[in-house]
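Within every chain, numbering begins at 1; the chains are lettered A, B, ... in the order of the sequence lines, protein sequences first and strands thereafter.
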Amino acid sequence: MEYLIGIQGPDFVLVAADNVAASSIIQMKHDYDKMFKLSEKILLLCVGEAGDTVQFAEYIQKNVQLYKMRNGYELSPAAAANFTRKNLADYLRSRTPYHVNLLLAGYDEADGPGLYYMDYLSALAKAPFAAHGYGAFLTLSILDRYYRPDLTRDEAVDLLKKCIEELNRRFILNLPSFNVRLIDREGIHDLEKLTLGAK
Amino acid sequence: MPSQDSMEPTFSLPIGLPLSSSHSVPLPFPMSHGTTTLAFIFQGGVLAAADTRSSCSGLVACPAAQKILPIHSHLVGTTSGTSADCALWKRILARELRLYQLRHGRRLSTGGAAKLLSHMLQPFKGTELCVAATLCGWDGGEMDDNQMTDVENSASLNLEKAKTQCLSTAVGGQQCFGRERSGPSLYYVCSDGTRLKGTLFSVGSGSPYAYSVLDQGVQWGLTVQEAVSIAREAVFRATYRDAYSGNCVDLYHITSKGWTRRNREDLKEEYYREKERQSGDSQRIMVKDFKGKAFRRMGGEFTAHSLALCRKVQSKSLQLGVKGVDCQSTSRY
């Protein structure tokens, strides 16, 4: 039901998430933000089971901020991703596993942009583009076909729009709007909400 | 207790989606939370409404239950799920909020109360505990004069100022740390861990019916009268269609001065008025004006009023010499 997508460019990462908070068949909220800001240049996108998402994402968020307070410098995206994965793995075989699927996107001064795909079994993969949810079945092939490592920002947004158009055409569920954010050297930028859904 | 696993990377659809033709058609959503509660924010504060039927697998255990429980002077919670769980956790929440107030000299905000409740319920996730509540409150502004000396007053005001200044770095999610907004506030908290801030929520088995009525008419600029009437209408429509909701409707209105409770109304009366409107005498009243257009005044609780009004129009237009004004009452079918 929920959809996350991330596209990495040469010096930026573009991420988008849908805005629906649903409870069985009812949309309880139309403007729900599924992105959690871990630091100035790292975003965590989190979907999955109802309470687990916010609980786990906030836990990671607070710990990343605590690291900064204790050590005076921020975790890099790669370090944050591995930290998140380790936590997910530790909880996996406990009595309270977290059923969450994540995308972590960040920009590092040294390594450049990075997009990390994580699923509820705590598999971690650094990928040039990734998506979560049923919508991923429909859009990954579009990304496969049109993605290039040297996309400009505008081209990446166009590619994102292509994916969302496909969702509106073929996905049975109504996802009216999407939050879009871009991370680059300057930090996290909010882009215009995409509302290509049928109204 | 396995939850709906919609994120598994398999090719079978999750149970719950009524799409696969090979299985027997399951219920579209689990028939739990046998109730209708709703709450919304508008310019006059927060309005909370609920039915009063307490059901126990097909039996009406109590026709006069109370589903809206006041927590403190400016916070009210609607309850849905297991009555016992809701009553207990509301009391626990009330206790914790009172302790907070005594320790810190100010009321905890509705968002804070929602977070507190959500974290208290978190260890019970996956058990049979079932609480789905909306917390409706008015934040900030009013300090309780009896509790605070001047020193404490200024100390807490400084605290408030400091809070507004230190905006946390985190902007993701729905949180806005360190900023105490005063005004109406509405949060939905569920024992499965959901915590949502919003302006309109309806919870329970009757909620789809209520949502459809509310989505038609709720907006910021409603007057208190209009808001009360739409809330009543929504609960009434839900009780009409949903077997697990019924009996009476409770309405609470929360403003900066606290919550006030409207008298409990038996929806049986409303149902009979509706029936009367549909069949029997004086339902659809048509008044044709001199241009031949017809406007209809539907009845309901205004039936008698409409009839009188139309007769007045008729007599007035006869006085003015306008011909062709006709006042008829017809039956619907």
Side-chain angles (χ1 to χ4, degrees), chain A residues 1-2 4 17 21-40 42-58 61-62 64-65 68-69 74 95-101 119-121 123 132-134 136-137 172-173 179 181 188 190, chain B residues 2-9 11 13-14 16-19 27-33 115 118-119 121-126 132 134 168-177 186-205 207-212 215:
Chain A
M1 325 303 178
E2 303 172 294
L4 300 178
S23 173
S24 78
I25 58 165
I26 304 280
Q27 280 186 18
M28 299 216 68
K29 253 182 98 102
H30 314 286
D31 55 358
Y32 185 70
D33 191 359
K34 300 182 186 180
M35 304 195 195
F36 294 83
K37 183 172 161 179
L38 298 189
S39 75
E40 290 307 314
I42 308 180
L43 269 181
L44 181 68
L45 288 76
C46 190
V47 291
E49 202 178 307
D52 288 353
T53 49
V54 176
Q55 202 78 10
F56 184 73
E58 281 188 351
Q61 192 181 44
K62 304 300 174 241
V64 169
Q65 287 169 2
K68 182 185 172 182
M69 284 179 212
E74 288 183 340
R95 281 180 306 112
T96 58
Y98 285 107
H99 193 142
V100 292
N101 293 310
D119 75 358
Y120 70 105
L121 295 169
H132 273 301
Y134 283 115
F137 288 104
I172 50 160
L173 297 183
N179 267 354
R181 291 201 166 98
I188 301 174
D190 285 351
Chain B
S3 51
Q4 270 198 12
D5 199 349
S6 54
M7 288 301 129
E8 253 182 324
F11 286 92
L13 293 168
L17 275 184
L19 294 172
L27 285 173
F29 53 90
M31 286 296 196
S32 63
H33 305 180
K115 206 160 203 180
S118 181
H119 287 168
L121 292 174
Q122 205 258 338
F124 299 94
K125 192 173 149 94
T134 61
S168 152
T169 54
V171 89
Q174 302 68 249
Q175 302 91 352
C176 238
F177 303 110
L186 180 60
Y187 279 83
Y188 168 66
V189 179
C190 187
S191 52
D192 68 3
T194 314
R195 189 180 78 244
L196 298 172
K197 180 174 165 63
T199 54
L200 169 67
F201 287 118
S202 176
V203 185
S205 56
S207 68
Y209 310 110
Y211 264 121
S212 42
D215 284 336

About how many Å separate [atom2] of [Y] and [atom1] of [X], when rounded to the nearest 0.5 Å?
X       : Y       : atom1 : atom2 : value
I25(A)  : S207(B) : CD1   : OG    : 8.0 Å
D192(B) : S23(A)  : CG    : OG    : 7.0 Å
E58(A)  : H119(B) : CD    : NE2   : 5.5 Å
T194(B) : Q55(A)  : OG1   : CD    : 11.0 Å

When the 4.5 angstrom heavy-atom criterion is applied to S202(B) and chain A, the contacting part is backbone

In terms of heavy-atom proximity below 4.5 Å to chain B, should D52(A) be classed as side chain, backbone, both, or neither?
both

